[in-house]
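Notes follow the structure.
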Amino acid sequence: MANEDETDIGVFMMLLTLRAYLLLLSFESVLAKRDFSRLHRRVRECAVRPARSTFGADQACRALNMACTLYFKEVQCLQRSATLVCLLRKLGIPATLVIGAQRLPFQAHAWAEIDRRVINDSESTVELYGVLDRL
């Protein structure tokens with residue numbers, strides 16, 4: 001019986017990784033056009049679905065990490081975080097995309113949070129960047 005459970009988990013992770021990869025691709029075209037208002041709208045409109053799985057944020061982060069490893073180019077923080085937030089919401093987890101900036105030297109950054117806890121970056125990210133928006 002354990003082998004069936006392991007197979008189910010492996011299949012789920014493979015499908016979750018594929019979903020993450022496809023989300024990365026979908027955000028790629030938006031960012032290539034520098035259409036930040038569309039990205040903003042897509043993340044804002046990505047609703048939290050009723051939870052249908054016992055898998056959580058750790059599995060979603062692992063799937064996204066694998067998708068980023070397989071991706072055809074380096075994935076930047078905004079694309080990665082928007083993808084993770086939508087992936088989590090599709091799993092029924094209410095995640096938030098946070099966009100922040102620091103003044104000197106000017107630098108912008110994006111990360112994902114669950115209950116105001118950073119999940120895809122260092123906890124010190126919140127201290128380094130002033131929050132500009134939460135989606």
Side-chain angles (χ1 to χ4, degrees):
M1 189 69 166
N3 288 338
E4 287 180 24
D5 290 343
E6 289 173 11
T7 301
D8 290 345
I9 292 169
V11 169
F12 179 80
M13 286 302 294
M14 189 169 50
L15 292 173
L16 195 59
T17 301
L18 177 61
R19 179 179 271 179
Y21 192 91
L22 293 174
L23 278 168
L24 286 170
L25 278 175
S26 73
F27 283 117
E28 179 75 35
S29 62
V30 173
L31 291 171
K33 296 175 186 172
R34 299 201 180 282
D35 192 351
F36 296 109
S37 64
R38 185 169 172 209
L39 181 136
H40 191 274
R41 186 174 53 254
R42 279 191 54 201
V43 173
R44 192 179 61 241
E45 292 174 356
C46 184
V48 178
R49 292 186 181 168
R52 296 179 294 170
S53 170
T54 58
F55 293 95
D58 290 340
Q59 289 84 4
C61 288
R62 280 201 300 273
L64 178 59
N65 288 341
M66 179 58 73
C68 288
T69 300
L70 299 171
Y71 205 63
F72 65 93
K73 68 179 213 176
E74 183 179 356
V75 178
Q76 300 299 315
C77 62
L78 182 57
Q79 181 181 13
R80 180 184 189 92
S81 298
T83 295
L84 181 58
V85 166
C86 289
L87 193 63
L88 289 166
R89 289 177 182 175
K90 289 173 191 286
L91 291 172
I93 300 168
T96 304
L97 173 65
V98 184
I99 300 170
Q102 66 181 22
R103 289 183 184 203
L104 293 174
F106 177 78
Q107 188 174 7
H109 190 48
W111 61 93
E113 294 181 348
I114 298 174
D115 296 326
R116 296 209 177 236
R117 186 178 59 86
V118 179
I119 58 168
N120 68 331
D121 210 326
S122 169
E123 288 289 333
S124 65
T125 299
V126 178
E127 298 165 13
L128 295 173
Y129 297 92
V131 173
L132 299 174
D133 203 358
R134 289 181 181 277
L135 308 169

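As a basis for the values below, the full set of heavy atoms in this structure was taken, side chains included, without hydrogen atoms, waters or symmetry mates.
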Original post:
If you look at every heavy atom in A67 and A20, which pair is closest and at what distance?
Top reply: CB-CB, 3.8 Å
Original post:
Under the side-chain contact (heavy atoms from CB on, under 4.5 Å) test, which residues partner L70, sequence neighbours left out?
Top reply: Y21, M66
Original post:
Can you tell me if Q79 uses its side chain to pair, donor with acceptor, with the backbone of L24 under 3.5 Å?
Top reply: yes
Subject >> salt bridge (Lys or Arg N to Asp or Glu O under 4.0 Å) partners of residues 20-48, not counting sequence neighbours, each pair once >> reply: E28-K73
Original post:
Same cluster for L128 and L78 if Ile/Leu/Val/Met/Phe/Trp/Tyr side chains link at under 4.5 Å?
Top reply: no
Original post:
Listed by chain and number, what are the ring-ring contact (aromatic ring centres under 6.0 Å, His included) partners of F36, not counting sequence neighbours?
Top reply: none
Original post:
For S124, which residues count as a side-chain hydrogen bond (donor to acceptor under 3.5 Å, both in side chains) partner, sequence neighbours excluded?
Top reply: S122
Subject >> L25 side, atom CG; S29 side, atom OG - distance, nearest 0.5 Å >> reply: 8.5 Å
**OP:** For A112, enumerate each residue passing the side-chain contact (heavy atoms from CB on, under 4.5 Å) test, keeping only those at least two apart in sequence or located in another chain.
**Re:** L84, V85, I119, N120
Subject >> Distance, nearest 0.5 Å, that separates CG of L87 from CG of L23 >> reply: 6.0 Å
Original post:
What pairs of residues pass the salt bridge (Lys or Arg N to Asp or Glu O under 4.0 Å) test when at least one of them lies in residues 122-132, not counting sequence neighbours?
Top reply: none
**OP:** List in chain and number order the residues that pass side-chain contact (heavy atoms from CB on, under 4.5 Å) with A108, two or more places apart in sequence or in another chain; answer none if no residue qualifies.
**Re:** F106
Can you list, pair by pair, the side-chain donor-acceptor contacts under 3.5 Å of residues 57-65, counting residues two or more places apart and other chains?
unit_1, atom_1, unit_2, atom_2, d
Q59, OE1, G56, N, 2.8
N65, OD1, R80, NH2, 2.2
N65, ND2, C61, O, 3.3

**OP:** For residues 91-111, pull every pair meeting side-chain hydrogen bond (donor to acceptor under 3.5 Å, both in side chains), keeping only residues two or more places apart or in separate chains.
**Re:** Q102-Q107, H109-D121, W111-E113
**OP:** Would you give the length of the straight line joining atom CG of L97 to atom CD1 of I99, rounded to the nearest 0.5 angstrom?
**Re:** 5.0 Å
**OP:** Give the intermediate values and the outcome of side-chain contact (heavy atoms from CB on, under 4.5 Å) for residues L88 and I114.
**Re:** CA-CA 9 Å; L88 289 166; I114 298 174; 4.2 Å; yes
